[in-house]
Amino acid sequence: MTEDLTATYSEIKLIENKTNNEVSDVSANLTRNNMLRNVRPGQNVERYVIQLTNQGDSFRGRANIQVSVTAATRENPLRFNIGTLRIHSVRASLTEHSNANNVDYTIVNRELRVSPGLNALFYVLDIEYTGQYRIGGRGFYQGSFLGNSSYLAMNLHPTYARQVFPCMDEPTEQAVIKFTYNNVEFNTLLSNSQLEEGTTNEFRAIEGPAHGWGMIAHNFLNINLPTANVLLHARPGLQTQDAQASVAINSYFNNLQEWTDKDYFTIHLDQDGRLNIVALPDVSTNWHSLSVIGIWEPHLLMEAQHSIKQRKTAFYEIANAIAKQWFGYVIHPENWRFEWVVSGLASYAAYEMMRLFQTNDLIEDVTLLDVNTLFVTDVIQESLLRDAYVGTEPLEASGDLFNENDIRDHVNGLLKLKAPALLRMMRIVLGDPDQDFIQTAARSLLNRRAMDTVHSLHLVDAINSDWLADGNHDMIDNVHDFLGQWKDIAGYPLLHASVRQGGVLVTQEHFSFGTQQVRNFPIPITFTTSVVPNFLNYHPSMVIDGSFTIPVIVGPEDWILFNIQGQGYYRVNYDDILWERIIETLEDPETREIIHPLNRATLVDDALNLARAGKLHYDIAFRVVLTMEHETEYAVWKAFVRNMEFLRKRLLPYVAVNELDPDIYLRMVRRTIHAVEEELGFEPELNLLEPAMHTLTRGLVMEHACKANYDPCIAAAVELFWDQNNGEIVNPNIPHEIRPAVYCTMVREGEEDIIEALEERLNLENTLYERLVILESLACSQDGDFIMSLLEETISGNTYSIEERSKIFAAVAESSYDNAMIALNFMSANAEQIIEMYGGLERFEALISVLADNMADNDAASQFQIWRNAQDNNLGNSANVAQRAILTIFQNLNWNEANIEEVYEWIDENDASTMVLSFAAFCISVMVTLLNH
């Protein structure tokens, strides 16, 4: 190990040995440049009148700003954030109608400082400036599809208003804002408010925060009217892809109005009388503007026959985007440290709307998604994984955030998952599942704080307003104290359960992949036993913040399970006796079914993460995993794939360097896949209406099994790939859910004709989602020259859209160890071009994190650190994100040193034959397919 690597290990150990407060301080030093307020005290902007004129590749702006100051600060310069705007002139007057004169101004650290020299309390400024259009869906930007300019848009959340006009753009700084857009050569112009009477480009003034404004000008078609005064716009040629989205929008919009108890069209008197939802072909971003929403096309539109995985993603993204009309615009954070409140409420409400949409009380509809399962797997368990790293940030920062880099890092971070997860847990703590005090709190905030800011205390007060009156205080006495522990401390607890005479002793510690000082959390306890198993009631029986003996007798043959349906934000470990009984129950196909699928998923998720953290022997974790041979449920397989991928990625370079069995991980797949292969198969039966969740399971498992080189999976891919009627083209009838597995397998295993056939198929695809499936599959190639050329295409020309570029890079980094190294070298050599062509720092930093997850051994870690420490690394404002990524990399390497040999030896020593297709059958299948081709 190099000296630099050793130094980084020492840095991690230093962090691990500190208290939680000190950890937060160290993490803050890594991720924050400063937390100084950059808006002038004593200054208030009352009104902005902004004119923006299109000039082709840039825009000209004129800002008329009415500003007042206090007597104590009137001698100080006026100050405005201007980002990268170029100021040409500043004039000032004392009233709106008096003559304006040129005044002195300076620009310091992207801040305009104006000295009117009049010593007054009120000014009217007239500022002329120019700005450059941006890409990536932020600020004032030009949208495009495959090189063709297709729309012009303005999306200012969270700190991009300063890139469009001189402003004070903190959430607390509300003003009356009016926009006029000149020389915009598109048929349709949409914005927050109604057009002024008799105009086509001037919008009425409405009050709100600067980041809540948006605009989209386009030549798209109005392809549907999902419900009254809600319009859906998209590119020409997509009129047949709106059915699913239109039905979902109708349900979400009308149910949200009822759920929030706030009529959408009364938010502002002068708001646009319609809600416009636009399918954007090139970017995926969050919109918080009123009346206009941009949603990435693959997250909105789909063919009649489509992937259930796409439907799952789209249904949530649509719901979340609409929810932000209330949570993000009607109420917004007092400071960006409180973003978790509105973001969490939006996501929480979105899943509630999705659940209502996917519930049919009259008939059993197998085509519907199990939203509770998706919330546990995609939100709670994913958040628990990310939140276990040393150096993660608390949900609520300890101080106000003003630096643009800090704000971007925070609002796009873990809070998107952790906030709704904690709100769900709060709901079950405050009342039984039929009582939703989060909903009543949301209603209270929307009505009492309408068009105003909120912080966490407002949320607490809103919960208390109904919860205290209800009188149901069995679990907790104080909402503020309960919530405070969870939002102010990074990470979460681990609950230990052990059988004792007279009951079950439960204790807790602070869970982490490193070492953390014990900090007790108030944990809502739910449990059931094998004596009278009840997995439907996940209302807690108590809340504990230390050690406690639960007075329940667990007999010699009995088990007890905690955290019913995985609704709590914590993990659970059991003593050896209980683990043994649980494993015995899971090993029997009949008794296994007694345990709820979400608890089976939680057992797999907890066991593998406990072993990863050194809290459980891998012998126990792997015995839990091997019971998967009886499993077909999506939630359990999702937990398996998420965690076993971590092992697979690290075993492959380990066996290569040490010349060990290259199929070591494959042996685990062979032992766990039996039920899926037998009951679901690798291809759905024709003319059979299959449950949507089974379809999801097949796609998930097949993709993982083929990646692990499971022979029957590869045989199925080979058999399905070519069109039986024309052996030169890709089979257009491959089921949508398994296309990623089939395409990726063929690219990885096949020759150049495979790639050529897929590239031809790419030109025929009429949906951007299916186009993306092909592009990500090309990243599976093990031809280094091809991979490099693929990456180079992402920063040259207009072959791909912005979102496709970042998706291709991520797919390359995740596809194999060698490709991850190519991706690292490509990023280190082309950081500036990637930032420019991929749409800015937000995507660039997300890809740094993807790279970090795939730096699987010392050599990879060393190369990453060399890049981070290089003088010419071109990381700029992302240097701190890269430094935090190094901490992640070396925490994972710490696992390698402690566990990789044990993991290899356990699999090697505990191998066994399983009921799978024989290798002979595989060879016959491949030969027949090749002969037909």
Side-chain angles (χ1 to χ4, degrees), residues 259 340-341 344-345 347-356 359 370-384 387 395 417-443 459-460 462-487 492-495 497 506 508 521-528 533-545 548 550 560-572 596-599 601-602 605-606 635:
W259 196 85
W340 73 270
V341 175
L345 287 172
S347 184
Y348 180 92
Y351 272 104
E352 284 296 292
M353 296 307 100
M354 189 175 169
R355 181 185 59 79
L356 290 172
T359 300
D370 184 343
V371 178
N372 185 41
T373 288
L374 298 179
F375 188 88
V376 172
T377 58
D378 295 357
V379 178
I380 298 177
Q381 291 181 353
E382 186 66 28
S383 184
L384 289 172
D387 205 12
L395 191 61
L417 297 171
K418 189 171 181 178
L422 290 185
L423 289 177
R424 168 72 72 90
M425 187 172 70
M426 281 288 297
R427 172 181 176 172
I428 65 175
V429 168
L430 296 172
D432 64 52
D434 295 329
Q435 291 180 295
D436 191 350
F437 289 107
I438 302 302
Q439 179 189 2
T440 57
R443 285 180 168 184
L459 176 62
V460 170
I463 292 173
N464 280 333
S465 62
D466 282 298
W467 179 71
L468 291 175
D470 180 74
N472 182 7
H473 307 150
D474 295 340
M475 296 300 106
I476 61 174
D477 298 322
N478 188 298
V479 172
H480 178 267
D481 290 346
F482 177 87
L483 184 61
Q485 294 281 77
W486 292 97
K487 71 180 179 64
Y492 53 90
L494 168 63
L495 190 73
V506 291
Q508 68 164 284
F521 291 79
I523 306 176
I525 300 297
T526 59
F527 67 90
T528 190
N534 181 359
F535 289 94
L536 299 181
N537 179 17
Y538 48 78
H539 180 66
S541 56
M542 66 192 75
V543 172
I544 67 167
D545 60 3
F548 186 81
I550 299 175
I560 184 171
L561 287 178
F562 289 86
N563 197 9
I564 302 302
Q565 293 192 33
Q567 303 290 313
Y569 196 75
Y570 57 92
R571 299 197 184 279
V572 184
H596 194 282
L598 286 177
N599 274 96
T602 300
D605 195 56
D606 284 353

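Distance CD1/I523 to OH/Y570: 7.0 Å, rounded to 0.5 Å. In this structure, CG in L561 is found 9.5 Å from OG1 in T602, a value given to the nearest 0.5 Å. Separating the CD1 atom in I438 from the CD1 atom in I463 is a distance of 4.5 Å, to the nearest 0.5 Å. Expressed to the nearest 0.5 Å, how far CZ of F437 lies from OG of S465 amounts to 9.5 Å.
Looking only at side-chain heavy atoms (C-beta outward), I564 and N537 stay at 4.5 Å or farther from each other. Residues I476 and W467 are in side-chain contact: their nearest non-hydrogen atoms beyond the backbone lie under 4.5 Å apart. Between P524 and M425, some side-chain heavy-atom pair lies under the 4.5 Å cut-off. You'll find the side chain of N372 stays beyond 4.5 Å of the side chain of R355, heavy atoms only. Taking the side chain as every heavy atom from C-beta outward, M475 and I428 never approach each other to under 4.5 Å. Contact check for Y569 versus W486: side-chain heavy atoms found under the 4.5 Å cut-off. Side-chain contact between Q567 and R424 is present, with heavy atoms from C-beta onward closer than 4.5 Å. Residues L494 and V572 are not in side-chain contact: their nearest non-hydrogen atoms beyond the backbone lie 4.5 Å or more apart.
One N or O on the side chain of T377 and one on the backbone of L374 form a donor-acceptor pair closer than 3.5 Å. The backbone N or O of R571 lies less than 3.5 Å from no partner atom in the side chain of Y492, so there is not a single donor-acceptor pair.
Of all non-hydrogen atoms in D605 and Q381, the two that sit nearest each other are OD2-CG, 3.7 Å. The minimum heavy-atom distance linking F562 with V506 is given by the pair CZ-CG1, 3.8 Å. Scanning all heavy atoms of the two residues, the minimum distance from G568 to I380 falls at O-CG2, 4.2 Å. For the residue pair G566 and V376, the shortest heavy atom distance occurs at O-CG1, 4.1 Å. Residue Q485 comes nearest to F521 through the heavy atom pair O-CE2, 3.7 Å, listed as atom of the first residue, atom of the second, then distance. Taking each heavy atom of L395 and A419 in turn, the nearest pair found is CD1-N, 3.8 Å.
Salt-bridge check for E382 with K418: failed, with every basic side-chain N at 4.0 Å or more from each acidic carboxylate O.
Ring pair Y351/F375: centre-to-centre distance below 6.0 Å.
Using modelled atom types and a 3.5 Å distance limit, the side chains of N599 and Q565 yield no donor-acceptor pair. Side chains of D436 and Y348: a donor-acceptor N/O pair is present below 3.5 angstrom, by distance only.
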Audit row: L495, I544, side chain to side chain contact (heavy atoms under 4.5 Å, CB included) steps and yes/no: CA-CA 10 Å; L495 190 73; I544 67 167; 4.0 Å; yes

Side chain to side chain contact (heavy atoms under 4.5 Å, CB included) evaluation trace for I525 with I550: CA-CA 10 Å; I525 300 297; I550 299 175; 4.0 Å; yes

W259/M353 under side chain to side chain contact (heavy atoms under 4.5 Å, CB included): CA gap, chis, key distance, verdict: CA-CA 9 Å; W259 196 85; M353 296 307 100; 3.5 Å; yes

Steps toward side chain to side chain contact (heavy atoms under 4.5 Å, CB included) verdict (D378, T373): CA-CA 8 Å; D378 295 357; T373 288; over 6 Å; no

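For the pairing with V479, the side-chain contact (heavy atoms from CB on, under 4.5 Å) check across V429, N464, L459, L468 returns one residue only, N464.
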